[in-house]
Amino acid sequence: MPRRVTIDDVARLAEVHKATVSRALNARTRDQVNAETLKRVKRAAQQLGYVPNAMARGLRTSRSMTIGVIIPDLMNPIFPPIIRGIETVLQAQGYTVLVANTDSHDDVEISVFESLLQRRVDGFILATGRLDDHTVVDEAKAADVPVVLVNRGAGMGGYPLVSGDNAHGIDLALDHLVELGHRYVLHAAGPLNFSTTRARAEAFEAAATKAGVEHDTIYASALTIQAGVDVADEILRSGRKCPTALVAGNDLVALGLIRRLRAAGLNCPEDVSVVGFNDMPFAADFWPPLTTVHMPLREIGSEAARLLLRGIDAGEQEAVTLTLPVSLVLRGSTGPARTG
């Protein structure tokens, strides 16, 4: 069996001290090595087939160099960009990202959290925060492991949170619809136990009241296409007049609204304008292309990763909330209010 190539072998071939090799091959410290030496060390490591021993390095630093990321729904298109943002920052620092999907099941969330904890992850990024259940964040606190919440909060202090400006996004959407002449707008909100839903619903009520437009809010059971279909079905079955514009809790709900209204013979935007939220990938490919609030999803993931790294390095976390700016992307699903 061939002998395993060691850091000493690389140091001899590169004609540098082994500490220099260690710094050069560690993403967190390679900027301490000058460019020419870095190139020589990498060339020597490649020539010898040297593979850094992450486990040994973890034992020296008391870190596993892994981060657990728990998301509620891998099929929701907003999460891949967030994960990409997380990975871009963490991988550059030598970390491996372990992603776990819960399908919004409480028991699965607890199970994957405990499983990742057993794997000695150095911290967690949680996208599963809910206002009515603090189980996992409580367990994280008990385990004294760093946690950053992303996109949604958990309704409690003590943890950093990175999200988009939900309230401003609603303001932008409603201003746009009012400018188009809409005077009856309905908000198809998400589940009430999500902090994003709460922020958007409160902003909608305030903005609609200020604008002097008739308005209602219906809370969907989930942030899915089917939930949007169900809300539209409720509107159609209620017997009340149909709003001329709908502001959806997210883009999937918007897609469900458009689908059900079309089945009922209502065209978007001629009969009903629809605004989404998040600007998920492919929103421009809907028919009609979806007007939606753009959330900087990748940047949200990147900032969450940076916050977590700062907490790990400092040995303590600051319970800051980072709210990133949003914008309204105008596409074909909104138009002037129908008359008559």
Side-chain angles (χ1 to χ4, degrees), residues 78 164-190 192 194 196-220 223 225 227-236 238 240-280 282-296 325-340:
I78 75 165
D165 193 337
N166 292 289
H168 186 56
I170 291 293
D171 289 344
L172 292 173
L174 201 60
D175 286 348
H176 170 60
L177 294 172
V178 170
E179 286 177 5
L180 289 172
H182 293 277
R183 291 297 177 265
Y184 178 28
V185 184
L186 187 142
H187 180 31
L192 255 176
F194 292 172
T196 48
T197 296
R198 188 79 56 86
R200 293 171 193 176
E202 290 175 354
F204 177 79
E205 175 65 28
T209 299
K210 182 178 179 180
V213 298
E214 187 178 354
H215 58 280
D216 283 308
T217 298
I218 295 179
Y219 292 93
L223 290 171
I225 295 173
V229 170
D230 293 342
V231 168
D233 204 42
E234 181 178 342
I235 295 169
L236 294 169
S238 67
R240 60 184 168 187
K241 68 175 181 178
C242 188
T244 63
L246 299 168
V247 178
N250 77 350
D251 295 336
L252 295 177
V253 171
L255 181 56
L257 292 169
I258 293 171
R259 181 178 294 177
R260 179 64 182 91
L261 293 172
R262 183 181 293 132
L266 296 172
N267 294 317
C268 175
E270 293 82 4
D271 296 310
V272 183
S273 288
V274 177
V275 179
F277 210 108
N278 286 332
D279 195 22
M280 70 183 194
F282 314 119
D285 298 320
F286 290 5
W287 188 254
L290 187 66
T291 293
T292 184
V293 175
H294 174 77
M295 293 280 275
V326 302
S327 58
L328 185 66
V329 181
L330 302 180
R331 299 191 181 107
S333 67
T334 52
R338 66 174 185 269
T339 57

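Hydrogens, waters and symmetry mates play no part in the numbers below; they use all other heavy atoms, side chains included. Position 1 is the first residue of the sequence, and the numbers go up from there.
Here the side chains of L246 and I235 are in contact, with some heavy-atom distance below 4.5 Å.
In this model, a donor atom of one side chain and an acceptor atom of the other lie less than 3.5 Å apart for E205 and T209. Residues H176 and T291 bring no donor and acceptor atom of their side chains to less than 3.5 Å of each other.
Listed by chain and number, the residues in a salt bridge (charged side-chain N to carboxylate O under 4.0 Å, His left out) with E214 are K241 (sequence neighbours excluded).
Salt-bridge annotation for D279 and R331: present, with a side-chain N of the basic residue lying under 4.0 Å from a carboxylate O of the acidic one.
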Report the C-alpha distance between F194 and L223 in whole Å, list the side-chain angles of each, state the deciding distance to 0.1 Å, and finish with yes or no for side chain to side chain contact (heavy atoms under 4.5 Å, CB included). CA-CA 10 Å; F194 292 172; L223 290 171; 3.8 Å; yes

Report the C-alpha separation of F277 and N166 in whole Å, then their side-chain angles, then the decisive distance to 0.1 Å, and conclude whether the side chain to side chain contact (heavy atoms under 4.5 Å, CB included) test is met. CA-CA 9 Å; F277 210 108; N166 292 289; 3.9 Å; yes

Passes side chain to side chain contact (heavy atoms under 4.5 Å, CB included), E202 versus I170? Steps please. CA-CA 9 Å; E202 290 175 354; I170 291 293; over 6 Å; no

Under the side chain to side chain contact (heavy atoms under 4.5 Å, CB included) criterion, do D175 and V178 qualify, and how do the steps go? CA-CA 5 Å; D175 286 348; V178 170; 5.8 Å; no

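In this structure, A167 and A203 approach most closely via the heavy-atom pair CA-CB, 3.6 Å. In this structure, T217 and A189 approach most closely via the heavy-atom pair CG2-CB, 4.0 Å. The minimum heavy-atom distance linking L174 with A208 is given by the pair CD2-N, 3.1 Å. Here the closest non-hydrogen pair linking P288 and G332 is CB-O, 3.7 Å. Annotation for V272 and L266: closest pair CG2-CD1, 4.5 Å, computed over non-hydrogen atoms. Here the shortest heavy-atom pairing between A254 and V275 reads CB-O, 4.5 Å.
For residues 180-190, the set of pairs meeting the side chain to side chain donor-acceptor pair (under 3.5 Å) definition, not counting sequence neighbours, comprises H182-T244, H182-S273, Y184-D216. Pairs passing the salt bridge (Lys or Arg N to Asp or Glu O under 4.0 Å) check and including a residue from residues 252-276, sequence neighbours excluded, read D233-R260.
Judged by distance alone, with hydrogens and angles left aside, the side-chain atoms of N250 form a donor-acceptor pair with the main-chain N or O of L252 at under 3.5 Å. Side-chain N or O atoms of D251 include one that pairs as donor or acceptor with a backbone N or O of M280 at under 3.5 Å.
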